[in-house]
Amino acid sequence: MTRATFQGYRCSLCGADFAPQDWLYTCPHDGGNLDIVLDYSAIRQQVSPRQIAAQADPSLWRYLPLLPVNDPNGWGTPLRTAGWTPLYSPPALQAETGLPALWVKDEGKNPTASFKDRASAVVVARARQMGAEVVVTASTGNAGAALAGMAAAVGHRAVIFAPRTAPPAKIAQLLVFGAQVILVDGNYDHAFDLTVQAAQEFGWYCRNTGYNPFTVEGKKTAALEIFEQVILPNRLKRPLCVFVSVGDGNIISGIHKGFKDLQELGWLDTMPRLFGVQSTGSAAVANAYFAGTEEIIPVQASTLADSISVDLPRDGVRAVRAARQTGGAYILVSDDAILQAIAALGKAGIFAEPAGATAYAGLLEALKNGQIYPDDPVVVINTGSGLKDVRSAMRAVPEAPIIEPSLDALKRLLSQNPV
C-alpha cells in the first residue's frame with residue numbers, strides 16, 4: 001500500500017498552515033509544535049480498517065497508508081520490526097487492580113527495547129526520503145538508542161548527544177550500534193539545545209522529541225495498534241482508558257494524534273481517555289494541567305525515572321491537551337511508588353524500566369482516587385525494558401541471599417524463606 005498524502009503542517013498554537021517543507025521543525029511565527037496534516041478524504045477512499053487488519057506485516061509499517069513517509073524498505077532488518085508490540089492481559093494484575101478488562105502493552109519488545117523505536121523508524125524513513133546523510137538527536141538514552149539502532153539497520157549515520165548521567169546500559173547501546181556518541185556535561189535540556197544548534201550549523205536532520213513533527217507520526221502508531229488490538233475486537237461499553245508516562249510529552253501527544261486521525265477517518269466512534277503520569281520530581285506538564293493553563297513552567301527535575309526526567313518539556317502544550325481534550329487527567333506518583341510498580345509488573349512477567357512502570361503506578365493511584373472504576377477498560381503502556389536501567393530494577397526488589405554450597409545451608413534458608 002502507498003503512503004498517506006502529506007498535505008503540510010499546522011501549528012498547534014496559532015493554527016497557521018505551512019507547505020510540506022523538508023526542513024521545517026517548528027512554527028516560524030511563534031515556535032509552536034507542528035502537526036502533520038494528512039489528506040483524510042484520500043485515505044478513506046484508498047484503505048479501510050479491514051484492509052489494514054488483513055495485512056500480514058507485524059510492524060508499524062502495516063500503517064503506511066496513514067503515515068506521511070515513503071516505504072523505507074530495509075527488509076530483513078530491525079527497521080522493519082518496530083511496532084506491533086504484544087498486548088498482555090495478566091490475571092495477576094487484573095486481580096490486584098480489580099479490573100477484569102486490563103491490558104499492558106509492552107513496548108520493551110521493540111528492537112532496541114523501547115517505545116522510541118516507533119519515532120526513530122519513521123524519522124529515519126523521512127531522512128532517507130529527503131536525502132539527509134546524518135540524523136542527530138538529544139536523548140537520556142532511549143531515543144538515542146532507538147535512532148542509533150534504526151539508523152544502523154539501514155546503514156545511515158547517526159549522532160547522539162546524551163547527558164553524562166545517562167544509565168550506562170543505554171550508553172552502551174548507542175556505542176554498540178555504531179553511532180557517534182557525545183556525552184554532555186549537563187542535563188537533557190542542555191543536550192537538546194546543543195543538538196538544535198549543531199543541526200543548524202552542520203545541516204544535520206534533527207530527530208529531537210517534541211521538535212521534529214515526524215516523531216509524533218511514529219508514536220501515533222501505538223494508538224493505531226491499540227485500536228486494532230483492543231477497541232475493534234472488544235465491544236467496550238465504556239471509553240477505553242490509556243495510561244502512559246510523560247516526560248517531554250511527545251508520546252502522549254503522539255497517541256492522541258493517532259486516535260484523532262482515526263476519528264477524522266470515521267473509524268473510531270469513542271475517543272479513549274488519556275491519562276498522563278509523571279513523577280512528583282518531574283511534573284512540569286502535570287503542573288500546567290492542574291493549574292488549568294497551557295503554560296509550561298520549567299522545573300528542576302529529579303527522579304530515578306531518567307527517561308521522563310525533563311526540566312522543560314518540549315511538547316508540553318499538546319501533552320496537556322491530550323488529557324484535557326479526552327476527559328483524561330494527569331496523575332503524580334512518587335519514586336517509591338514507581339519502584340513498587342516495577343516489582344508488581346515483574347511478578348506478572350513484565351520487566352519495565354522506571355518510566356514504563358510509572359504508568360502502572362499511575363493506574364494504582366487513579367484507582368485509589370476513584371478516577372477509574374472496575375468496569376473501565378484500561379490499557380497501561382510499558383514504554384521500555386527494565387534492562388535499560390538495571391540499577392533501578394535492583395532497588396525495586398530484595399537482594400538475593402548468598403549461601404554455602406550445601407544442602408544444610410539451603411534447608412536453613414528455606415525454613416526462613418519458604419518457596
Side-chain angles (χ1 to χ4, degrees), residues 9-16 24-36 115-116 119 137-140 142-143 161 163 186-197 206-216 219-220 242-257 260 273-303 305-334 355 358-359 362 383:
Y9 304 100
R10 179 168 296 136
C11 176
S12 60
L13 295 181
C14 70
L24 189 63
Y25 295 108
T26 58
C27 176
H29 301 153
D30 58 15
N33 297 109
L34 296 176
D35 289 319
I36 286 177
F115 193 107
K116 304 297 178 68
T137 197
S139 173
T140 56
N142 282 345
F161 290 89
N187 59 20
Y188 169 75
D189 297 277
H190 294 126
F192 187 105
D193 293 338
L194 182 58
T195 301
V196 173
Q197 295 169 22
C206 186
R207 176 224 180 274
N208 275 7
T209 298
Y211 182 71
N212 186 319
F214 285 85
T215 59
V216 164
K219 292 175 182 180
K220 81 177 185 184
V242 179
F243 284 76
V244 61
S245 61
V246 174
D248 245 327
N250 198 237
I251 290 180
I252 195 171
S253 298
I255 291 171
H256 190 206
K257 175 65 158 56
K260 287 192 294 184
R273 301 170 64 200
L274 300 184
F275 289 81
V277 189
Q278 290 202 292
S279 164
T280 53
S282 181
V285 178
N287 291 342
Y289 174 84
F290 294 137
T293 73
E294 292 185 348
E295 182 183 4
I296 309 299
I297 300 174
V299 298
Q300 191 71 38
S302 177
T303 173
D306 67 281
S307 293
I308 55 171
S309 182
V310 181
D311 292 357
L312 176 60
R314 309 292 172 145
D315 208 354
V317 172
R318 288 190 298 195
V320 169
R321 292 176 182 175
R324 190 170 286 152
Q325 293 178 0
T326 63
Y330 268 83
I331 298 166
L332 293 177
V333 296
S334 67
T358 297
T383 51

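Each residue takes its place number in the sequence, starting with 1.
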Do the side chains of Leu34 and Tyr25 get nearer than 4.5 Å, heavy atoms only?
-> no
Could you tell me whether the side chain of Arg318 reaches within less than 4.5 Å of the side chain of His256, counting heavy atoms only?
-> no
Sub-4.5 Å side-chain heavy-atom contact between Phe243 and Ile331 | yes
Give a yes or no on whether the backbone of Ala191 and the side-chain of Thr195 come within a donor-acceptor separation of less than 3.5 Å.
-> yes
Can you pull the side chain to side chain donor-acceptor pair (under 3.5 Å) pairs that have at least one residue in residues 279-291, sequence neighbours excluded?
-> Ser279-Thr303, Ser279-Asp335
Is a donor on one side and an acceptor on the other found under 3.5 Å between the side chain of Lys219 and the backbone of Lys257?
-> no
If we only count heavy atoms from C-beta on, is the Lys116 to Ile251 side-chain gap below 4.5 Å?
-> yes
Short question: side chain of Glu294, backbone of Val317 - any donor-acceptor pair under 3.5 Å?
-> no
Determine whether Val333 and Val277 make a side-chain contact, defined as any pair of heavy atoms from C-beta on separated by less than 4.5 Å.
-> yes
Considering all heavy atoms, the nearest Asp35-Ser12 contact | OD2-CB, 4.0 Å
What is the distance from atom OG1 of Thr358 to atom CD1 of Ile308, rounded to the nearest 0.5 Å?
-> 4.0 Å
Non-neighbouring partners of Asp193 that pass salt bridge (charged side-chain N to carboxylate O under 4.0 Å, His left out), sequence neighbours left out = Arg314
Search all heavy atoms of Ala288 against all heavy atoms of Glu295 and return the closest pair with its distance.
-> CB-O, 3.4 Å
Can you tell if the side chain of Val310 reaches within under 4.5 Å of the side chain of Asp189, non-hydrogen atoms only?
-> yes
Between Asn187 and Asp311, which heavy-atom pair has the shortest distance, and what is it?
-> ND2-OD2, 3.0 Å
For Leu13 and Cys27, what are the C-alpha separation, side-chain angles and deciding distance, and is it a side chain to side chain contact (heavy atoms under 4.5 Å, CB included)?
-> CA-CA 9 Å; Leu13 295 181; Cys27 176; over 6 Å; no
How far apart are the closest heavy atoms of Pro313 and Ile296, and which atoms are they?
-> CD-CG2, 3.8 Å
Asp315, Ile252, Val285, Thr293 screened by side chain to side chain contact (heavy atoms under 4.5 Å, CB included) with Val320, the one that passes = Val285
The single option from Asp248, Thr209, Thr140 passing side-chain hydrogen bond (donor to acceptor under 3.5 Å, both in side chains) against Tyr188 = Asp248
Any side-chain heavy-atom pair of Phe275 and Val242 under 4.5 Å = no
Heavy-atom closest pair (Tyr330 atom, Ala323 atom, distance to 0.1 Å) is CE1-CB, 3.5 Å
What residues form a side-chain hydrogen bond (donor to acceptor under 3.5 Å, both in side chains) with Ser307, not counting sequence neighbours?
-> Asn142, Lys170, Glu353
By salt bridge (charged side-chain N to carboxylate O under 4.0 Å, His left out) - contacts of Arg324 (at least two apart) | none
4.5 Å side-chain heavy-atom contact, Pro213 and Asn33 | no
Which atom pair, heavy atoms only, marks the closest approach of Pro163 to Gly186?
-> CB-O, 3.4 Å
Lys220 meets the salt bridge (charged side-chain N to carboxylate O under 4.0 Å, His left out) criterion, sequence neighbours left out, with Glu217, Asp261
Sorted by chain and residue number, the side-chain hydrogen bond (donor to acceptor under 3.5 Å, both in side chains) partners of Thr137 (sequence neighbours excluded) come out as Asn208
With no hydrogens and no angle check, is any side-chain donor or acceptor of Thr383 less than 3.5 Å from a backbone partner on Phe115?
-> no
